[in-house]
Q: 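Handing you a structure now.
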There are 2 protein chains.
Amino acid sequence: MTGTSPDFPARLRAAGLRPTRQRVALARLLFEGGHRHVTAEGLHVEVKATRMPVSLATVYNALNQFRDAGLLREVVVAPGRSYFDTNTGHHHHFFVEPDGELHDFPSDKVTIAGLPAPPKGTRLARVDVIVRVRR
Amino acid sequence: MTGTSPDFPARLRAAGLRPTRQRVALARLLFEGGHRHVTAEGLHVEVKATRMPVSLATVYNALNQFRDAGLLREVVVAPGRSYFDTNTGHHHHFFVEPDGELHDFPSDKVTIAGLPAPPKGTRLARVDVIVRVRR
DNA sequence: GCAGTATTTAGAATTGTTCTAAACTCCTTG
DNA sequence: CAAGGAGTTTAGAACAATTCTAAATACTGC
């Protein structure tokens, strides 16, 4: 079989989101190639470069909805700017300061031992490892 | 005994910062008790409650200068808000979502194995572990 | 004490993000 | 396939966190 041609409208519908033109355009940019890290501003610039103008507010809306639907993961590494990661599986990040470049690395080779128990009345949600590096 | 009275002016001077009234007032709030996590807004409210009014801009300036001087560490855990940690030693964080509560835990019991090498042309700066928990 | 530079300040400006209300579009139904 | 309603999009205003600006003030060395 020749490469899966991702049916974006269907994927969006499966996530409980109406496949509007702008959501499909954004999904295409986000999910068509390999994994990516984007900011709202960056994605807005990209989508404007296509023949489908989309407002910045819609980019923000879509990113938040995609994240809530589990299609994206939000990564908080730098003050004042949110990154969204199309890789929603288990993995961690390299963050190159001060450029703001972000790279995934798989978590399956990484072992974290000796973590204390969560504070009383809380349960573990996720463990983020951010390896900060400099040029 | 009257306990150790930390000489804040001297500590500031040692860090290369002039011991102005407002910096000393902020240092007192930050370093007098045990380790703390503060936001600029929060610290501003606190310092206003003392008899020494300090502008919000000065709080931001001071926090940034203290961080640059190594007296504080900035912790990025939530989008749109920076936390400053008076604990500059090796340790990691619990972050209670969605309240925004932050707790330290020492890193000496924690072992992280299997981290990949930093990307070419970069050197390791720090490894942050954020354990996200929920109520 | 005085000059001189660093610091503080109020308020404006900037940046990133969310909100609002009106216009539009997807989808279902007839 | 027209119509209607709910869900979306949009431009622009609003908001929140932070930084900048230019003028006033405070620390420090002499």
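Residue numbers start from 1 in every chain, and the chains themselves are labelled A, B, ... in the order their sequence lines are given, proteins ahead of strands. These numbers were taken from a predicted model, which means no experiment stands behind them.
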Q: Would you say the side chain of B:Pro119 lies within less than 4.5 Å of the side chain of A:Phe94, judging by non-hydrogen atoms?
A: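 Yes - at least one pair of side-chain heavy atoms lies under 4.5 Å apart.
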Q: Tell me, please, which residues at least two apart from B:Arg21 pass side-chain contact (heavy atoms from CB on, under 4.5 Å).
A: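 Scan of B:Arg21 (side-chain contact (heavy atoms from CB on, under 4.5 Å), adjacent residues dropped) gives B:Met52.
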Q: Remember a base hit wins even if backbone is also touched, and classify A:Pro53 as base, sugar-phosphate or nothing at under 4.0 Å, heavy atoms.
A: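 Contact class for A:Pro53: sugar-phosphate only.
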Q: Please name all residues satisfying salt bridge (charged side-chain N to carboxylate O under 4.0 Å, His left out) with B:Glu46, sequence neighbours left out, ordered by chain then number.
A: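 Salt bridge (charged side-chain N to carboxylate O under 4.0 Å, His left out) check on B:Glu46 returns B:Arg36.
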Q: Using the side-chain contact (heavy atoms from CB on, under 4.5 Å) criterion, which residues pair with A:Asn87? Sequence neighbours excluded.
A: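 For A:Asn87, the residues satisfying side-chain contact (heavy atoms from CB on, under 4.5 Å) (neighbours in sequence not counted) are A:His35, A:Asp85, A:His91, A:Asp104.
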Q: Rounded to whole angstroms, how far apart are CG on A:Leu17 and C1' on C:dT25?
A: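 Distance check: A:Leu17 CG to C:dT25 C1' gives 16 Å.
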Q: Under 3.5 Å, which donor-acceptor pairs link side chains of residues 10-19 of chain B to any protein atom two or more places apart or in another chain?
A:
none

Q: What residues form a side-chain contact (heavy atoms from CB on, under 4.5 Å) with A:Thr111, not counting sequence neighbours?
A: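 So A:Thr111 forms a side-chain contact (heavy atoms from CB on, under 4.5 Å) with B:Ala113.
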Q: Tell me, which pairs form a side chain to side chain donor-acceptor pair (under 3.5 Å) where one or both residues lie in residues 23-32 of chain B, sequence neighbours left out?
A: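 Only B:Arg23-B:Gln65 qualify under side chain to side chain donor-acceptor pair (under 3.5 Å).
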Q: Please report the distance, rounded to the nearest Å, between CZ in B:Phe66 and P in C:dT7.
A: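 Atom CZ in B:Phe66 sits about 11 Å away from atom P in C:dT7.
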Q: Tell me the salt bridge (Lys or Arg N to Asp or Glu O under 4.0 Å) pairs involving residues 73-84 of chain B, sequence neighbours left out?
A: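 Those involving residues 73-84 of chain B are B:Arg67-B:Glu74, B:Arg73-B:Asp128.
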Q: Which residues pass the side-chain contact (heavy atoms from CB on, under 4.5 Å) test with B:Glu101, not counting sequence neighbours?
A: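 Result, side-chain contact (heavy atoms from CB on, under 4.5 Å) vs B:Glu101: B:Val96, B:Asp99, B:His103, B:Arg135.
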Q: Reading nucleotides 22-30 of chain D 5' to 3', which nucleotides get B (base under 4.0 Å from a protein heavy atom), which S (sugar-phosphate only), which -?
A: -----BS--
Q: For the helix from C:dG1-D:dC30 to C:dG30-D:dC1, what is the angle between the axes at its two ends, each from 5 pairs, rounded to 10°?
A: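 That helix gives 30° between its end axes.
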Q: Would you be so kind as to tabulate the donor-acceptor pairs closer than 3.5 Å made by side chains of residues 38-45 of chain B, with sequence neighbours excluded?
A:
unit_1  : atom_1 : unit_2  : atom_2 : d
B:Thr39 : OG1    : B:Gly42 : N      : 3.1
B:His44 : NE2    : B:Val54 : O      : 2.9
B:His44 : NE2    : B:Leu56 : N      : 3.4

Q: In whole Å, I'd like the distance from the CG atom of B:Leu26 to the C1' atom of C:dT9.
A: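 Going from B:Leu26 (CG) to C:dT9 (C1'), I get 14 Å.
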Q: I'd like a list of close polar pairs between nucleotides 13-19 of chain C and the protein, N/O only, cut-off under 3.5 Å.
A:
unit_1 : atom_1 : unit_2  : atom_2 : d
C:dG16 : OP1    : A:Arg81 : NH1    : 2.9
C:dG16 : OP1    : A:Arg81 : NH2    : 3.3
C:dT17 : OP1    : A:Ser82 : N      : 3.0
C:dT17 : OP2    : A:Tyr60 : OH     : 2.6
C:dT17 : O5'    : A:Tyr60 : OH     : 3.3
C:dT18 : OP2    : A:Asn64 : ND2    : 3.1

